[in-house]
Each structure stands twice: as C-alpha cells, then as structure tokens.
Amino acid sequence: MTPGRPVPPPLGKPLTTAEALAGQGTLTAAMGAVSADSGLVPLTIGRRAPKPDDVEIDIEFCGLCHSDVHATRGEWGSRPYPLVPGHEIVGRVRRTGAAVSEFRVGELVGVGCLVDSCRECDSCLEGLEQYCERGNVGTYGAKDPRNGDAITQGGYSGTVVVDRRFVLRIPEGMDPAATAPLLCAGITTYSPLRYFDVEPGDVVGVVGLGGLGHMAVKIAKAMGAEVVVFTSSEGKTAAAGELGADRVVLSRDPDAMGAAKASIDVIIDTVAAPHDLNPYLRTLRLGGALFQLGLPPSDMPPVSPGLLIRRRLAYSGSLIGGLAETQEMLDFCAEHGVASDIEIVDADGLNEAYDRMVAGDVKYRFVLDTKTLHTPSEKADA
C-alpha cells in the first residue's frame with residue numbers, strides 16, 4: 001500500500017427565463033427550495049440551449065446527498081433562492097452540440113458534483129478538477145462563468161445541459177438508479193482508497209455505516225482489502241456483515257478498541273458529527289492514514305501530535321474526485337458489481353426523505369425518480 005494520486009461550492013443568483021430561452025433553451029420541471037424554511041416545492045427552471053461542446057440530458061434518477069439538505073435549508077450560510085439541488089445525476093442524452101462526438105443520443109450518462117472548472121491551473125491539468133485553484137463550478141448553486149455567471153441548478157429536475165468534458169459514461173449493465181449515488185458517495189470513498197493504493201492484504205477501517213460508509217465497505221472489499229467497521233451501535237453489526245465487512249468493532253467498548261491497536265492500514269472516517277479521533281489513530285499501523293470525509297458542523301477534539309509522530313501516521317482529508325478518476329470509479333464498480341443500496345422516492349416524498357436522512361433512517365441512499373416530477377409551467381421560477 002503506497003500513497004498515489006489521489007460540498008458544493010458557494011452559491012449565487014438564479015437563471016432568468018430570458019437567458020434560459022435564448023436560442024433553443026427549454027423549460028423543465030424541478031423540485032427546489034425558495035427559502036431556507038420552504039422545504040422542497042415544485043418549480044419550473046430554464047435550461048440553456050446546448051452550445052457546441054454541450055450535452056443535453058433527460059434525467060431519469062438523481063441521488064439525494066446530505067449536502068443537499070444543508071444547502072437548501074441554509075445551514076451552510078445564506079443562499080440565493082430558488083435553489084434546485086442534486087449532484088448525482090443519471091439520464092440519457094437528448095441532444096448534443098455540434099462539436100460533441102463522444103456521446104450519442106439515447107446513451108446512458110451521468111453528471112456528478114462538478115460541471116466545470118478553469119481547465120488551466122495545475123490541479124485541473126493533473127485531472128484534479130475538484131481542487132481547481134480558481135474555483136470549480138458545482139452542479140448546483142454555483143456561478144457559471146462560461147455562461148454569463150448564471151447560477152447552476154441541479155438534478156432534481158427533468159433535464160440538464162452540461163459541457164461534454166464533465167459528462168460521464170455509465171457502463172453497460174449498471175442499474176441507473178443504484179448508480180446515481182456513486183457520482184458522489186462512490187467517488188468520495190473511492191478516491192482516498194485509490195490514493196493510498198489499497199490492495200489485497202491491506203486492512204481498511206470504516207468509521208460510520210451510512211451513505212458514505214456503506215460505499216467505503218463495498219469498494220474496499222472489491223479492491224481485495226480486509227474491512228473492519230467501527231460503529232457506536234451494536235445494532236449495525238449484522239448490517240456491516242451483509243455489506244461484506246470482515247469484522248465489526250464497537251467503538252464505545254475500550255477493550256474492543258484496545259484489541260484493534262496497530263491493526264489497520266487506512267481508515268475512512270465518514271462521521272459528520274464532532275468525535276474524538278485519537279482512539280481510531282491508535283488502531284493504525286506504522287505509516288497508516290486516517291482520511292476524514294465527514295464534515296462536522298463544529299470543531300473536533302484535538303488530535304494528539306504524539307500519536308502521529310510515534311508511528312508516522314497521516315491525518316488527511318479528501319474531496320470527491322476528478323473527472324478521469326470518477327470515470328475510473330464507475331468502470332471499477334461495473335467490473336466488480338458494486339452499486340449503492342437505495343430507496344427510490346417520488347417528488348412528493350422528498351421532504352419526508354430529507355427528514356429521514358437527518359434522522360439516519362435510510363439504508364443507505366435515497367434516489368429521486370424524476371418521472372414523478374410535475375408538469376412544467378409556461379414560465380420559469382428560476
């Protein structure tokens with residue numbers, strides 16, 4: 001195991017109807033928030049006409065990410081509304097711009113957390129668009145400099161128009177609905193495992209068994225690793241085993257944590273609440289690493305420098321993945337039969353699904369069936 005190569009950005013103003021309908025733009029149904037406390041309501045949004053490098057996609061499914069809840073409810077600071085979330089998009093190509101040759105009408109494709117970047121900085125040139133030094137363009141709620149600073153609107157909608165460079169090919173045979181969460185949860189967990197070049201014989205620890213955690217277990221197992229799940233809930237032992245975990249360690253049990261000392265190569269921490277990392281660091285072997293993927297809303301307890309120094313440990317973070325790596329992840333998941341465990345919801349059930357996500361009442365990801373969206377009106381709300 002050797003280190004190798006390896007949410008959403010700030011929000012701005014909504015698209016106007018006139019801009020959306022310039023050329024051959026279209027109106028499409030959507031679900032979004034009009035204020036921090038509005039919940040998700042039916043909207044009609046405008047999509048631009050495809051430019052030469054654009055792909056227009058009829059969306060079939062869009063995964064629900066916990067970051068969607070934070071963004072629409074204003075929990076990451078004030079947001080301009082209306083705001084249509086969704087960055088785990090799977091659908092079929094409806095039409096393409098004149099310069100697009102790699103995608104054909106009817107092909108199953110995906111769009112993840114990014115729809116553009118500067119394409120010129122060192123990070124972008126290395127295929128690390130998520131770390132664009134000039135600021136990437138998120139799939140929703142971000143200013144889009146190549147399109148008049150219009151605000152991107154996401155996948156809880158009927159269609160989307162995206163530059164071909166940020167469209168992903170869904171391998172043949174993959175379930176479209178179960179593939180959607182791979183475009184965020186899948187790549188978020190794949191990237192640090194790939195960065196550390198996890199291989200057979202390595203031991204991967206997974207802290208938390210939610211939307212990210214269950215994907216970390218599946219992907220690490222597909223890479224050939226032994227997987228240890230750390231959980232504070234005894235009730236998740238059976239679920240971890242069903243996902244493929246080899247062992248479960250109850251993190252509230254000092255004896256169980258002590259028995260796991262110096263036994264793990266890489267830990268993927270998916271917990272988004274403040275928690276003490278030092279007990280987990282003690283389970284790492286010499287040269288091991290803990291990757292923080294969960295983003296707590298407040299400061300974490302301090303990490304002991306002595307733990308890091310005595311065994312050359314690394315405490316690191318990781319953010320989604322670049323476009324090439326995301327395509328690599330999709331191809332890997334297709335080859336190994338990896339998909340997300342999902343529950344499909346209709347448009348009218350989105351607000352209930354949000355509440356259930358906050359309560360942790362989902363195994364393990366919700367996915368919106370866009371066929372259940374309302375009929376668009378003749379005027380855009382955003």
Side-chain angles (χ1 to χ4, degrees), residues 23-30 45-63 65 84 86-117 119 127 129 137-140 144 146-147 152-187 190 320-340 342 344 365 367-373 376:
Q24 296 178 6
T26 57
L27 294 175
T28 188
I45 61 173
R47 296 299 193 187
R48 70 177 183 267
K51 299 191 297 185
D53 281 333
D54 281 341
V55 178
E56 185 174 28
I57 300 164
D58 284 325
I59 300 172
E60 294 184 355
F61 296 100
C62 184
C65 179
V84 176
H87 55 213
E88 300 175 350
I89 299 168
V90 172
R92 295 193 180 273
V93 176
R94 180 178 186 178
R95 56 177 170 164
T96 62
V100 178
S101 59
E102 62 267 52
F103 298 104
R104 65 182 187 279
V105 172
E107 184 175 3
L108 192 66
V109 295
V111 178
C113 301
L114 306 177
V115 292
D116 207 352
S117 67
R119 311 180 197 172
E129 295 90 350
V137 179
T139 305
Y140 67 86
D144 187 354
R146 293 183 213 275
N147 291 285
T152 57
Q153 302 287 1
Y156 297 9
S157 57
T159 65
V160 68
V161 178
V162 181
D163 185 285
R164 62 183 176 83
R165 299 166 185 84
F166 290 79
V167 177
L168 298 149
R169 193 179 310 281
I170 305 299
E172 189 175 344
M174 296 188 81
D175 179 333
T179 296
L182 299 182
L183 298 166
C184 179
I187 184 57
Y190 178 88
I320 52 172
L323 271 295
E325 189 174 48
T326 304
Q327 186 64 62
E328 176 185 289
M329 177 274 304
L330 287 169
D331 295 340
F332 175 90
C333 288
E335 180 183 352
H336 293 87
V338 174
S340 181
I342 63 168
I344 295 179
R365 299 286 284 199
V367 174
L368 169 65
D369 180 352
T370 62
K371 291 195 299 293
T372 64
L373 294 168

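By convention here, the first residue in the shown sequence is residue 1.
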Notebook entry, point to check: Can you check whether Leu368 reaches Thr370 side chain to side chain, under 4.5 Å on heavy atoms?
Noted result: yes
Item checked: Point-to-point distance, once rounded to the nearest 0.5 Å, from OG1 of Thr26 to CZ of Arg48 -> 11.0 Å
Next item on the list: List in chain and number order the residues that pass side-chain hydrogen bond (donor to acceptor under 3.5 Å, both in side chains) with Thr179, two or more places apart in sequence or in another chain; answer none if no residue qualifies.
Entry: none
Notebook entry, point to check: Any side-chain heavy atom of Ile320 within less than 4.5 Å of one from Leu114?
Noted result: yes
Note to self: Strictly distance-based, threshold 3.5 Å: is any side-chain N or O of Thr139 a donor or acceptor partner for the main-chain N or O of Gly154?
What the structure shows: no
Note to self: If I take atom SG from residue Cys62 and atom OH from residue Tyr140, how far apart are they, to the nearest 0.5 angstrom?
What the structure shows: 9.0 Å
Item checked: Heavy-atom side-chain contact between Val109 and Val111 under 4.5 Å -> no
Checklist line | Shortest non-hydrogen separation from Ala29 to Pro376 and the atoms involved | finding: N-CB, 3.6 Å
Item checked: Asp163/Arg119 salt bridge by N-O under 4.0 Å criterion -> yes
Margin query: Tell me if a side-chain donor or acceptor on Glu325 pairs with a main-chain N or O of Gly127 at a distance below 3.5 Å.
Written below: no
Note to self: To check you understand the geometry: which heavy-atom pair defines the closest contact between Val367 and Ala177, and what is its length?
What the structure shows: CG2-O, 3.6 Å
Margin query: Can you confirm whether Ile170 sits close enough to Leu330 that some side-chain heavy atom of one is under 4.5 Å from a side-chain heavy atom of the other?
Written below: yes
Next item on the list: Compare every heavy atom of Phe61 with every heavy atom of Ile344, then report the nearest pair and how far apart it is.
Entry: CD1-CE2, 4.2 Å
Next item on the list: Answer yes or no: is there a donor N or O on one side and an acceptor on the other, between the side chain of Thr28 and the main chain of Thr159, under 3.5 Å?
Entry: yes
Margin query: Just verifying a value: how many Å separate Thr152 OG1 and Asp144 CG, rounded to the nearest 0.5 Å?
Written below: 7.0 Å
Next item on the list: Rounded to the nearest 0.5 Å, what's the gap from CD1 on Ile57 to CZ on Phe103? Could you check?
Entry: 8.0 Å
Check: Would you say Val55 and Val162 make side-chain contact, with heavy atoms under 4.5 Å?
Finding: no
Notebook entry, point to check: Passes side-chain contact (heavy atoms from CB on, under 4.5 Å), Asp116 versus Asn147? Steps please.
Noted result: CA-CA 11 Å; Asp116 207 352; Asn147 291 285; 5.8 Å; no
Notebook entry, point to check: Looking at Arg365 and Glu88, does any basic side-chain N land under 4.0 Å from a carboxylate oxygen?
Noted result: yes
Item checked: Verdict with supporting geometry, Arg146 and Asp53, side-chain contact (heavy atoms from CB on, under 4.5 Å) -> CA-CA 12 Å; Arg146 293 183 213 275; Asp53 281 333; over 6 Å; no
Next item on the list: Starting from the C-alpha separation in whole Å, work towards a yes-or-no answer on side-chain contact (heavy atoms from CB on, under 4.5 Å) for Leu108 and Val90.
Entry: CA-CA 7 Å; Leu108 192 66; Val90 172; 3.7 Å; yes
Notebook entry, point to check: Where do Gly322 and Glu129 come nearest, in terms of heavy atoms and distance?
Noted result: CA-OE1, 3.3 Å
Item checked: Side chain to side chain, Pro50 and Thr96, heavy atoms closer than 4.5 Å -> no
Notebook entry, point to check: Is Arg164 paired with Glu102 through a side-chain N to carboxylate O contact shorter than 4.0 Å?
Noted result: yes
Note to self: Rounded at 0.5 Å granularity, tell me how far CD1 in Ile59 sits from OG in Ser157.
What the structure shows: 3.5 Å
Notebook entry, point to check: What heavy-atom pair brings Met174 and Ala334 nearest, and what distance separates the two atoms?
Noted result: SD-CB, 3.7 Å
Margin query: Strictly distance-based, threshold 3.5 Å: is any side-chain N or O of Glu56 a donor or acceptor partner for the main-chain N or O of Arg94?
Written below: no
Notebook entry, point to check: So, Tyr190 and Glu328: side-chain donor and acceptor under 3.5 Å apart, yes or no?
Noted result: yes
Check: Between Leu323 and Phe166, is a side-chain contact (heavy atoms from CB on, under 4.5 Å) present by the stated rule, with each step listed?
Finding: CA-CA 7 Å; Leu323 271 295; Phe166 290 79; 3.4 Å; yes
Checklist line | Heavy-atom closest contact (Pro171 atom, Asp331 atom, distance) | finding: CG-OD1, 3.4 Å
Check: If you round to the nearest 0.5 Å, how far is CD of Glu60 from CD1 of Ile89?
Finding: 12.5 Å
